[in-house]
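A short write-up of the structure that comes next.
The model shown is predicted, which means the values in this text are computed figures rather than measured ones.
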Amino acid sequence: MVPPMPHDAFITSLGKFLPGEPITNDQMEDYLGKVRGRPSRARARVLSQNGITQRHYAIDREQRSLFRNWDLAVHAIHDALARSPISLGEMDLLVTATTQADLVLPGFASQVHRALGGPACEVASLQGICSSGMQALRAATLQVASGEARRAVVCASELVSRLLKASHYEEVTGEDTVPFEAEFLRWMLSDGAGAAVVQDRPHPTRPSLKVEWMDIRSHANRHELGMYVGANRGADGGFGPGWIDSPTFGEAAATGAFNIKQDIRRLESLVALGVDGFFALMDQGRLKPDEVDWFCIHYSSHFFKQPIVKLLERGGVRIPEERWFSNLSTRGNTGCASIFLMLEELVNEGRVRPGQRIFCMVPESGGFIACYAMLTVVAPARSLVPDVGVTTPAANTQTPTSAVSSDLGPLPLSPKEGGDPVREKLVRELTHVWVDFEAKLQRVPVLDKLSRGVFTVEDYRELLINMRQQVVEGSRWIARAASSITAEHLALRSSFIRHARDEHRDYEMLERHYVSVGGAHEAITRAPKNIGSEALSAWMFHRASQENPFDLLGAMFIIEGLGSRVARRWGLAIREQLSLEDEQVRFFLYHGDNDTTHLDRLDGALGSGILTPELAARIVKTAKVTARLYLLQLEELGNV
């Protein structure tokens, strides 16, 4: 028995990418090409047995590649992350699977990581055929279950159409027709990618799949390899020289070494091998078919389903048809990505229910490997999530009144009727700055998680540390600005001083919030600024140190606008998603209720007679810079 792991592992989101439009059986040769200009004689026979009606290729009708394999993987990963509680920047493990990468070296995970971006993290490349996707999932699951990783991304990607192009078969000398073992796979395989996020906790708002167990066994010790690229079999059944042993690559191509081949005589043995493993799991007590709601069994052709059914029935297992799930007919045989694409469709199209169990089985003829997994559908941790998205009229029509107030107020400033044209132009320009800033704010990873309802206590603690640094520095730079105002503007200096006095103890609320959600007081008081906070602080003190730094009204416009327009929404969303009390988000609720007073002071300053076209231009620029640096400090949470 495998000893228990310290953590559970959950598939919290699934994604896919299928390149191009679906390609019907009649269109296949338009994309793959006709070998030596002649239609295939085997195509109709193979398609009549495999039951595939459409598939996807990453090549066009001229057999030109439209994507790299790593592109397929990246698209699938982004699709999974769009439904995930985590962002790309939180990934701490990347595991990939494929039959053939774009480059021979380095590993496919490195190729995907380069194209994907994200943080520095551990990577693992699993190369195989159909089983490599399950191997990748198991590798990620074990890392998460052991506590070595917490937010793993797994992808399985296949771009096999490049191997199936007619031109490759035409390179083979001495053959007028393509041998069936090589042509067979032209009508079986297709392109696509699937991805999953694996975590140590379930998704807060969507169903997750708990990985109960996985079992993978290679039987290559007793069976010949059944699918291969890189050599040809000799008369004795063994492999001749490999492609890299040939004097030139051209000579290797002329022997057909680069053509993918399937020894179809061995496929029936694979069916028996897979079912035998099924029975072994029953004997071990790990698999009870009557308790399984969905059977996701990968097979390369519907031709093999009936032999599987018959063997199972001989062993006393009768699976009702409605509990079988396969999308082979519409997705094609996408190799290692197939199991991901099955699970993706089951989960993302809403077919599963909490408590249901999914049994996965992936037999591979290439290395005679049998893979099995048992998954349990887990309900989301939270069912009601407030909408904290961008407040547009369209968005507000769908917003629950319990989550967000329907009266969000005007933008921080409004033009005065019959007022000064300079002021009116300033308000218009500041409105443009605000709209751009608010839209970008929603794309900051931590706020995107809040918007999607997947905000965590760890996220809240990071946000509080950042907010405290900003609040402590805020009262200081306002005081610095007040000291830089000359005697002829004493009324404005007094206004700045009152503003600094009002906010100089606000950081204590943030400290109390931090401790109330499990943080240590010393941790928040001694935390260093992140690189974005350093930049924002330096900018604010630089401007505050100039004589009569009235352009800082643009900075106040951004920061106080956040308080009056956004803070309460954040506070309500955090309270609901983390099941907190009002006192644990009091800072946000307080500023949402009180920062309109600060904006009134800003209005008063603009009406005090200091406004000129030159100052208005400086105010707008300072607002733009402050907005960008404010975003930066939120983007760089934890980056000290």
Go through the steps for R480 and S545 under the test side chain to side chain donor-acceptor pair (under 3.5 Å), then give the verdict.
-> CA-CA 7 Å; R480 173 75 64 83; S545 300; 2.8 Å; yes
Would you please test V640 and K529 for side chain to side chain contact (heavy atoms under 4.5 Å, CB included) and show each step?
-> CA-CA 6 Å; V640 297; K529 298 185 186 76; over 6 Å; no
Give the C-alpha distance, both sets of side-chain angles, the deciding distance and a yes or no for side chain to side chain contact (heavy atoms under 4.5 Å, CB included) between V197 and I86.
-> CA-CA 8 Å; V197 174; I86 73 166; 3.8 Å; yes
Might you work through the side chain to side chain contact (heavy atoms under 4.5 Å, CB included) test for E511 and T525, ending with a clear yes or no?
-> CA-CA 8 Å; E511 292 173 3; T525 57; 3.7 Å; yes
Show your reasoning for whether salt bridge (charged side-chain N to carboxylate O under 4.0 Å, His left out) applies to R151 and E122.
-> CA-CA 11 Å; R151 298 172 291 270; E122 183 175 347; over 6 Å; no
Evaluation steps, salt bridge (charged side-chain N to carboxylate O under 4.0 Å, His left out), between K621 and D551 | CA-CA 8 Å; K621 181 174 181 179; D551 62 302; over 6 Å; no
Please test E429 against R618 for salt bridge (charged side-chain N to carboxylate O under 4.0 Å, His left out), starting from the C-alpha separation and ending with a verdict.
-> CA-CA 12 Å; E429 291 182 344; R618 294 203 307 273; over 6 Å; no
Would you please test M467 and F587 for side chain to side chain contact (heavy atoms under 4.5 Å, CB included) and show each step?
-> CA-CA 10 Å; M467 298 296 293; F587 174 88; 3.8 Å; yes
With salt bridge (charged side-chain N to carboxylate O under 4.0 Å, His left out) as the test, would you mind laying out the steps for R150 and E90 before giving the verdict?
-> CA-CA 9 Å; R150 295 180 57 201; E90 296 173 286; over 6 Å; no
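The minimum heavy-atom distance between V377 and P207, with the atom names listed, is CG1-CB, 4.2 Å. A pairwise comparison of heavy atoms in L615 and L611 identifies CD2-CA, 4.2 Å as the closest pair. Nearest heavy atom pair, residue A140 against residue V154, reads CB-CG2, 3.3 Å. Heavy atoms only, all atoms of each residue included: L18 and G192 are closest at CD2-CA, 4.1 Å. Across all non-hydrogen atoms, the minimal contact from V347 to L209 is CG2-CD1, 3.9 Å. The shortest heavy-atom contact between E583 and R586 is OE2-NH2, 2.8 Å.
Dense packing is recorded around CD of E488, with more than 12 heavy atoms of other residues, nucleotides or ligands lying under 6.0 Å away.
With rounding to the nearest 0.5 angstrom, the CG atom of D582 is 5.0 Å from the CZ atom of R575. I558 CD1 to L629 CG: the interatomic distance, rounded to the nearest 0.5 Å, is 11.0 Å. Here E345 contributes atom CD and L14 contributes atom CG; the two are 12.0 Å apart, rounded to the nearest 0.5 Å. Considering CG of L94 and SG of C121, their distance stands at 5.5 Å, rounded to 0.5 Å. Atoms OG1 and CE, on T622 and M540 in that order, are 8.5 Å from each other to the nearest 0.5 Å. Rounded to the nearest 0.5 angstrom, M556 CE and I619 CD1 are separated by 10.5 Å.
Between the side chain of S13 and the main chain of L81, no donor-acceptor pair closer than 3.5 Å is present. D8 places no side-chain N or O within donor-acceptor distance of the main-chain N or O of K210, the cut-off being under 3.5 Å. At least one donor-acceptor pair closer than 3.5 Å links the side chain of R569 to the backbone N or O of R565. S84 contributes no side-chain N or O that, together with a main-chain N or O of A80, makes up a donor-acceptor pair within less than 3.5 Å. Counting only distance, with no hydrogens or angles, the side chain of Q469 and the backbone of P528 share a donor-acceptor pair below 3.5 Å. The closest donor-acceptor contact from the side chain of T98 to the backbone of S157 lies under 3.5 Å. Counting only distance, with no hydrogens or angles, the side chain of R68 and the backbone of S65 share no donor-acceptor pair below 3.5 Å. Remark: side-chain polar atoms of N530 are not paired, donor with acceptor, to backbone N or O of N639 under 3.5 angstrom. Of the possible polar contacts, none joining the D448 side chain to the P445 backbone as a donor-acceptor pair under 3.5 Å is found. A donor-acceptor pair under 3.5 Å is formed between the side chain of S484 and the backbone N or O of A544.
Between R543 and W477, every side-chain heavy-atom pair lies at or beyond the 4.5 Å cut-off. W70 has its side chain out of reach of T96: every pair of non-hydrogen atoms, C-beta onward, lies at least 4.5 Å apart. No side-chain heavy atom of V515 sits under 4.5 Å from any side-chain heavy atom of Q584. Within the 4.5 Å cutoff, the side chain of L634 has heavy atoms near those of the L463 side chain. With contacts defined as side-chain heavy-atom distances shorter than 4.5 Å, the pair L637/V444 does not qualify. Between H203 and P380, every side-chain heavy-atom pair lies at or beyond the 4.5 Å cut-off. Within the 4.5 Å cutoff, side-chain heavy atoms of L562 are placed close to those of L441. Considering only heavy atoms from C-beta on, V446 stays 4.5 Å or farther from E462 through its side chain.
Ring pair W434/F557 is perpendicular by interplanar angle, where above 60° counts as perpendicular and below 30° as parallel. Between H513 and F588, the two ring planes are parallel [angle under 30°; tilted spans 30° to 60°]. Classification of the H542-W539 ring pair by plane angle, with boundaries at 30° and 60°, yields tilted.
In this structure, the ring pair (Phe, Tyr, Trp, His ring centres under 6.0 Å) partners of F17, at least two apart in sequence or on a different chain, are F67, H75.
Between Y630 and Q470, the side chains place a donor N or O and an acceptor N or O closer than 3.5 Å (distance only, hydrogens not considered). For the 3.5 Å distance criterion, the side chains of E473 and S537 qualify, holding a donor opposite an acceptor.
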